[in-house]
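As a basis for the values below, the full set of heavy atoms in this structure was taken, side chains included, without hydrogen atoms, waters or symmetry mates.
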2 protein chains.
Amino acid sequence: MQKTTIKDIAKALNISPSTVSRALNGKNGVSEKLSVTIREKAEELGYVGNFAARSLKTSQSKTIGVTVSDIRNPFFLDFLKGVDNILFQRGYKFLLTDSGENVEKEKIYLMWLIEHGVDGILASPVTERDGKNNLELYKKIKNISIPIVFYDRVFPEESQFDSVTVDNKDSIIQALKYLYNKGHRKIGIFLSKSGIYTIEQRLEGFIEGCELLGIKINEEWIAKDLFPEEKTYDKLKKLKKNHNLPTAIIATNNKITKQLISASKKLNILIPNTLSIMGYDDLTENEIISPPITCIKQPVFEIGRIASTILLGKIENDETKTTKIVLKTEIVERNSIINLNKNTLN
Amino acid sequence: MQKTTIKDIAKALNISPSTVSRALNGKNGVSEKLSVTIREKAEELGYVGNFAARSLKTSQSKTIGVTVSDIRNPFFLDFLKGVDNILFQRGYKFLLTDSGENVEKEKIYLMWLIEHGVDGILASPVTERDGKNNLELYKKIKNISIPIVFYDRVFPEESQFDSVTVDNKDSIIQALKYLYNKGHRKIGIFLSKSGIYTIEQRLEGFIEGCELLGIKINEEWIAKDLFPEEKTYDKLKKLKKNHNLPTAIIATNNKITKQLISASKKLNILIPNTLSIMGYDDLTENEIISPPITCIKQPVFEIGRIASTILLGKIENDETKTTKIVLKTEIVERNSIINLNKNTLN
DNA sequence: GTGAAAGCGCTAACAA
DNA sequence: TTGTTAGCGCTTTCAC
C-alpha cells in the first residue's frame with residue numbers, strides 16, 4: 001500500500017489538488033461544504049502529508065534543532081521538558097542530537113540539522129581540551145539566516161550570539177560563602193573536562209571567591225579535568241593517602257557529585273563529618289542519597305523555556321537584537337555539609 | 001546570504017547539476033579530477049544539501065523515528081545510547097518524540113514521524129487505563145510499508161509486529177525467589193499505571209510466583225495504579241497506619257523505587273530492617289542511595305542496540321520474517337533487602 | 001470558489 | 001564521462 005497524496009484525494013473527489021491543499025491547510029477560498037468533504041476523504045484514505053514536499057516548497061520546517069553535549073546527563077531532561085513546553089503549544093517540534101562532547105560529531109549533526117531545514121537551533125557548543133570547536137560553523141549557520149540560541153555554554157568572546165546561561169562564577173562564589181559561614185577554610189573544587197565554558201567559569205569563580213573571602217588556595221585541592229568523571233575516585237584516593245583532605249569539596253557537575261559520594265564511601269571517608277560535599281545540580285535522587293546532598297541548583301526548566309522563547313521570537317518575528325540572559329543559581333540545603341562552628345562549640 | 005544549492009555549484013563550475021550530484025554522492029561516472037574540484041567548490045560555498053529535496057526524490061530519509069513514553073525516565077537514556085550506537089555508524093539519525101503516556105500525543109507524533117518520511121519506527125506503545133491505544137494507527141503504518149519494532153512494550157495479542165522486550169513476568173518471579181530465600185513471606189508489590197503492558201506482566205509474574213512458592217497473597221500489599229508515582233507515599237502511609245506492612249516490597253519501575261525510599265524515610269520506616277525493597281532498574285545512583293538498592297536490572301543498552309539492528313534489517317534488506325526477542329533481567333545485589341533467616345539465627 | 005501551471009532542490013533514467 | 005530531462009508532493013500565483 002502506498003502513502004496517500006493530495007493528488008489521490010483530488011482524483012477521488014474529481015477536483016483539483018490545489019483545492020485539496022487549501023482545504024487541508026484551512027485557508028479560505030474553499031466552500032465550507034467542499035472543505036468538509038475533502039477532510040473526510042483525507043481521513044478515510046489515511047492521508048498524512050509529506051514534510052519533504054511542504055518544506056521544499058515553503059522553505060520552513062516548523063522544527064528546530066537541539067544539540068546536547070551528552071544525552072545521559074539528567075540536566076537535559078528538565079531542559080528538554082522546558083523546550084517542549086514552549087514548542088509544542090506553538091506547533092513546533094524539535095530534532096535532538098547528541099554531540100557527546102565531540103567536536104566532529106557536533107559538526108556532523110549541525111550539518112544534518114541544516115540539511116533538515118530546521119528553522120532555528122538551540123545549541124550547547126562543545127569545546128575540546130585543545131580549544132577546538134565549531135565556532136566557524138556556527139558563524140556560517142548564522143550567516144545563512146538560521147537563528148541560533150546558545151544555552152548552558154557560550155563562546156565568551158563572541159558577542160553576536162544570543163544565549164541563556166547561568167551565572168556560573170557566582171554559583172561557586174555563593175557556595176564558597178555558604179561553606180565559609182559554616183566554618184570551612186580548607187576547601188577544594190573538583191572540575192570536569194577542561195575547556196568547557198561552564199567549568200572554566202566555575203574555576204574562575206572559585207579563585208575569585210577564595211580571594212574575596214581570604215581563603216587560602218591549595219593547588220592540590222583543585223582537581224582539574226576529571227573527565228570521564230570516574231577519575232574522581234583516583235584523585236580523592238590520592239588526597240586521602242597523602243593525609244591531605246580538605247574539609248569540603250565543591251563538585252562542578254552532577255556526575256562528579258555522584259562520583260564524590262561513591263568514592264567517599266569506598267574510601268571510608270565519612271560525609272559530612274570528615275568531608276563535606278557541595279553538589280552541583282538538584283536531581284530528584286539528591287534527596288534520598290545518603291546523606292541528602294546540599295547542592296547548587298540551576299533553573300534548568302526555565303533555561304529551556306527562555307531559550308525556546310527567544311529562538312521563536314527570532315524565527316517568527318525576525319527579532320534582530322541579540323539577547324543574553326544570565327540566570328542565578330540557588331543553594332538547596334540538605335545534609336552533606338557539616339557546620340564546623342557548631343562542632344567547635346561542642 | 002542564501003543557502004548554496006547544487007545548481008550554484010554547477011553554475012560556478014560551468015557543469016551540469018547532475019554531475020555535481022553524482023560527485024557529492026560518491027557515485028561513479030565522474031572523473032576523479034572533476035570530482036575533487038566539485039567537492040572543493042562545495043566546501044568553499046558552504047554547501048550542506050537539502051534533506052527535503054533529496055527525501056522527496058528518493059523517498060528515503062535515512063532517519064528513523066523513536067517514541068518514548070516519558071523522556072524524563074532515565075531508562076530511555078541508556079536505551080537511546082544503544083540506539084545511537086547502532087544508528088550513527090550506519091549513517092542513520094533519529095527523531096525523538098515523547099508521548100508522555102498520552103495516546104493523543106502519541107498519535108500526533110506518530111503522524112509527524114510519517115510526515116517526516118522516517119524509514120522506520122522504534123516504538124514503545126502507550127495504553128491508557130481504559131485500554132485506549134493507537135493499535136489501529138500502528139497497523140496502518142505497517143501497511144504503508146514503514147517497518148516498526150516495538151521495544152519495552154508490545155500489544156500482546158498482535159503477532160505481526162517485531163519486538164524486543166524483557167521477560168517481565170520472570171523478572172518478578174526471580175525477585176520473589178530471591179526474597180523467599182532471604183526468608184521473606186510477607187511480600188508486596190507496588191505497581192505503576194494500570195494498563196501498561198510491562199506493569200501488567202509484572203503483576204502476573206507476581207501472582208504466578210507467589211503461587212509457585214506458596215506465598216500467601218495479601219491484596220492490601222498489591223498497590224495498583226500508582227500513577228503519578230507520587231501516590232506511593234499515600235499507599236505506604238496507609239499500610240503503616242494500619243500496622244499492616246509487609247516485610248518486603250517489590251517496586252515495578254525506577255520512579256516507584258525512588259518514591260518508596262523517600263516515603264520510607266519520611267515515615268520513619270527503616271530500610272532494610274523494617275522494610276526490604278527490591279528496586280526496578282539499575283540506575284547509577286542506586287549505589288549511593290541509602291541504603292544501596294538491590295534491584296532488578298534490565299539490559300537497557302542492549303534493548304536499544306538489538307531493536308535498532310532488527311529495524312535496520314527490515315529497512316535495508318527488506319527482512320520480512322518477524323522477530324520477537326525476549327531478554328532476561330538479572331538481580332543486582334546491594335543492601336536494601338534484609339536476610340531474615342540470618343536474623344533469626346542471631 | 002475552483003483549476004491550471006510553475007517550481008522548490010534534488011536524483012536518475014536516458015542520451016550523447 | 002557528462003548533460004538533458006522529468007518528476008517526487010506540495011503550495012501559490014494567476015486565471016477564470
Side-chain angles (χ1 to χ4, degrees), chain A residues 2-39 41-42 45-63 111-112 114-119 144-146, chain B residues 2-39 41-42 45-63 111-112 114-119 144-146:
Chain A
Q2 277 296 300
K3 276 195 196 179
T4 306
T5 72
I6 228 171
K7 256 185 179 165
D8 298 327
I9 301 174
K11 210 173 288 172
L13 256 30
N14 241 305
I15 53 176
S16 83
S18 37
T19 305
V20 177
S21 170
R22 273 187 283 254
L24 259 22
N25 288 299
K27 307 241 156 135
N28 45 1
V30 194
S31 70
E32 188 51 38
K33 211 180 113 199
L34 219 202
S35 186
V36 172
T37 322
I38 289 170
R39 256 179 267 245
K41 200 67 181 175
L45 297 177
Y47 175 76
V48 281
N50 180 317
F51 166 79
R54 178 176 305 121
S55 169
L56 185 57
K57 185 67 194 176
T58 63
S59 50
Q60 57 154 1
S61 64
K62 286 277 181 183
T63 63
M111 306 277 271
W112 182 71
I114 298 166
E115 269 191 52
H116 262 264
V118 292
D119 298 333
I144 54 173
S145 309
I146 299 175
Chain B
Q2 276 296 300
K3 276 195 196 180
T4 306
T5 73
I6 228 170
K7 257 185 179 164
D8 298 328
I9 301 173
K11 211 173 288 171
L13 257 28
N14 242 304
I15 52 178
S16 82
S18 40
T19 304
V20 177
S21 169
R22 273 187 285 254
L24 260 22
N25 289 298
K27 306 240 157 139
N28 46 2
V30 194
S31 70
E32 189 50 35
K33 209 181 117 201
L34 220 203
S35 185
V36 171
T37 321
I38 291 170
R39 254 177 267 245
K41 200 67 180 178
L45 298 177
Y47 174 75
V48 280
N50 180 316
F51 166 81
R54 178 176 305 121
S55 168
L56 184 57
K57 182 67 192 177
T58 63
S59 50
Q60 56 154 4
S61 63
K62 287 278 183 180
T63 64
M111 307 276 272
W112 183 69
I114 298 166
E115 269 191 52
H116 263 263
V118 293
D119 298 334
I144 55 173
S145 308
I146 298 176

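Here the side chains of B:V20 and B:L13 are not in contact, with every heavy-atom distance at 4.5 Å or above. Here the side chains of A:H116 and B:T63 are in contact, with some heavy-atom distance below 4.5 Å. Counting only heavy atoms from C-beta outward, the side chains of B:Y47 and B:L24 approach each other to under 4.5 Å.
A donor-acceptor pair is defined here as one N or O able to donate and one able to accept, closer than 3.5 Å; such a pair exists between the side chain of A:T58 and the backbone of A:R54. In this structure a side-chain-to-backbone donor-acceptor pair under 3.5 Å is present from B:T4 to B:L45.
Look at CG on A:L24: it is 15 Å from P on D:dG9, rounded to the nearest Å. D:dC8 atom P lies 18 Å from atom CZ of B:F51, rounded to whole Å. A:Q60 places its CD atom 16 Å from the P atom of D:dC10, with the value rounded to the nearest Å. Put simply, CD on B:E32 is 10 Å from P on D:dT1, counting in whole angstrom units. The CD1-P distance, from B:I114 to D:dG9, rounds to 16 Å in whole Å. Here the P atom of nucleotide D:dG3 and the NZ atom of B:K11 are 15 Å apart, to the nearest Å.
Side-chain nitrogen and oxygen atoms of B:S31 include at least one within less than 4.0 Å of the OP1 or OP2 phosphate oxygen of D:dT2. In this model, the phosphate group of D:dG3 is approached by a side-chain N or O of B:S16 to a distance below 4.0 Å at OP1 or OP2.
Rounded to 10 degrees, the angle between the two end axes of the helix from C:dG1-D:dC16 to C:dA16-D:dT1 is 40°, with five pairs used at each end.
Ring geometry for A:F51 versus B:F51: interplanar angle of 30 to 60°, hence tilted.
In this structure, B:I146 and B:V118 approach most closely via the heavy-atom pair CG2-O, 4.1 Å. Between A:S55 and B:A52, the closest heavy-atom pair is OG-CB, 3.8 Å. Here the closest non-hydrogen pair linking B:L56 and A:A53 is CD1-CB, 3.8 Å.
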If a protein heavy atom is under 4.0 Å from the base, mark B; if only from the sugar-phosphate, S; if neither, -; do that for nucleotides 6-12 of chain C going 5' to 3'.
BBBBBBB

